[in-house]
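Below, each value reflects all heavy atoms present in this structure, side chains not excepted, and no hydrogens, waters or symmetry copies. Counting convention: from 1, in listed order, for ligands and their atoms alike. One-based numbering along the sequence shown.
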Amino acid sequence: MIVLRRLSVPLANRVPGSRTCSLHLLEFAGQWPSSEKRQFESNMRVIRNFVTEEEEQVLIREIEPHISRLPYESSHWDDAIHGYREMERRNWSPENQAVLDRVSIDAFGGRVMPFVHILDLAELGVIKPHVDSTRFCGHTIAGISLLSDCVMRLKRVTKDPDPASQSADVLLPRFSLYIMSALARYEFTHEILAREESWFKERLVERHRRVSVICRNEP
Ligand SMILES: O=C(O)CCC(=O)C(=O)O
Ligand SMILES: [Fe+2]
Ligand SMILES: [Mn+2]
């Protein structure tokens, strides 16, 4: 199971707790000096309409026969993720490889791991706060959101849960690409909010089944 190697959940965070338009798609909470806001914005970019509806269809057509054979799972051992199924894929049709090459260039300057991670989150699925393992993944994580919008929440990693600590909600629209790096990748947990908690700027975002196509670089 891929998730078991990849996620590491900081203890404190288990407690409750151009085409880049990050500005409209980000909502900050807590105490943010403006210099840190700027750094965060450049480390958590969202590119709207990175893929077209046709490109989404072609990607889903290649993914669906494999992923639909798997049951949706829940991980019990660390409580990090529920209602998901996932696969890795290295070899893609030329059309889909062309999309992935764009991710590789735009997010990684061409230096990306050959295995692409596909995560299928059921309508009622949720990904709890975690930081991707630094043993298996480098400074950048880039994901295309397919089939549904969702809200990703990033929370500053703290030793003690602090209600005033920094967090940011990021709207990830269907068809978009997010590029999370450096500060946002290492100093913040990320999570995908449950359907009924997917508020963004006072609007409940409609969340259905969502498939993400995620690229990472070497540690
Ligand atoms: O679905 C996503 O975009 C993020 C998934 C995630 O956080 C992970 O697989 O580590
Ligand atoms: Fe993650
Ligand atoms: Mn639905």
Not counting sequence neighbours, which residues clear ring-ring contact (aromatic ring centres under 6.0 Å, His included) with F115? List them please.
none
For the Fe ion (ligand 2), the nearest N/O/S atom on H130 is atom NE2
Considering the heavy atoms of D132, write down every atom of ligand 1 situated less than 4.0 Å from one of them.
10 (O)
Just wondering, do M152 and M180 contact through their side chains at under 4.5 Å, heavy atoms?
yes
Share the residues that join Y186 in a hydrophobic cluster, the rule being Ile, Leu, Val, Met, Phe, Trp or Tyr side chains under 4.5 Å apart at the heavy-atom level.
none
Ligand 1 atoms nearer than 4.0 angstrom to some heavy atom of L119 are 1 (O), 5 (C)
Ring geometry between W32 and F188 (parallel below 30°, tilted from 30 to 60°, perpendicular above 60°)
parallel
Do R216 and F136 meet the cation-pi criteria used here (NZ or CZ under 6.0 Å from the six-membered ring centre, within 45° of the axis)?
no
Any heavy atom of E86 under 4.0 Å from ligand 1? The part involved is neither
Could you check E56 against T52 for side chain to side chain contact (heavy atoms under 4.5 Å, CB included), going step by step and ending with a plain yes or no?
CA-CA 6 Å; E56 175 191 74; T52 62; over 6 Å; no
Determine whether the side chain, the backbone, both or neither of M180 has a heavy atom under 4.0 Å from any heavy atom of ligand 1.
neither
At a non-hydrogen distance cut-off of under 4.0 Å, which region of I127 contacts ligand 1 (side chain, backbone, both, or neither)?
side chain
Flag this pair as yes if the NZ/CZ of R203 is under 6.0 angstrom from the six-membered ring centre of W199 and inside a 45 degree cone about the axis; otherwise no.
no
Run the numbers for me: atoms of ligand 1, each under 4.0 Å from some heavy atom of R216, listed by number.
8 (C), 9 (O), 10 (O)
Checking one value in my table: which N/O/S atom of H190 lies closest to the Fe ion (ligand 2)?
NE2
Y178 heavy atoms within 4.0 Å reach ligand 1 at atoms 2 (C), 3 (O), 4 (C)
Quick check: of its N, O or S atoms, which one does D132 have closest to the Fe ion (ligand 2)?
OD1
Knowing that exactly one of E36, K37, K155 qualifies, which makes a side chain to side chain donor-acceptor pair (under 3.5 Å) with Q166?
E36
Please say whether more than 12 non-hydrogen atoms of neighbouring residues, nucleotides or ligands are located less than 6.0 Å from CD in E64.
yes
Counting from 1, what ligand 1 atoms have a heavy atom of H117 closer than 4.0 Å?
9 (O)
Under 4.0 angstrom from ligand 1, any heavy atom of G143?
no
Check: V112 main-chain N/O paired with N217 side-chain donor or acceptor under 3.5 Å:
no
Can you list the atoms of ligand 1 that are under 4.0 Å from a heavy atom of R210?
1 (O), 2 (C), 3 (O)
Applying a 4.0 Å heavy-atom criterion (strictly less than), which segment of I214 is in contact with ligand 1: side chain, backbone, both, or neither?
side chain
Less than 4.0 Å is my threshold; does some heavy atom of E191 fall inside it relative to ligand 1?
no
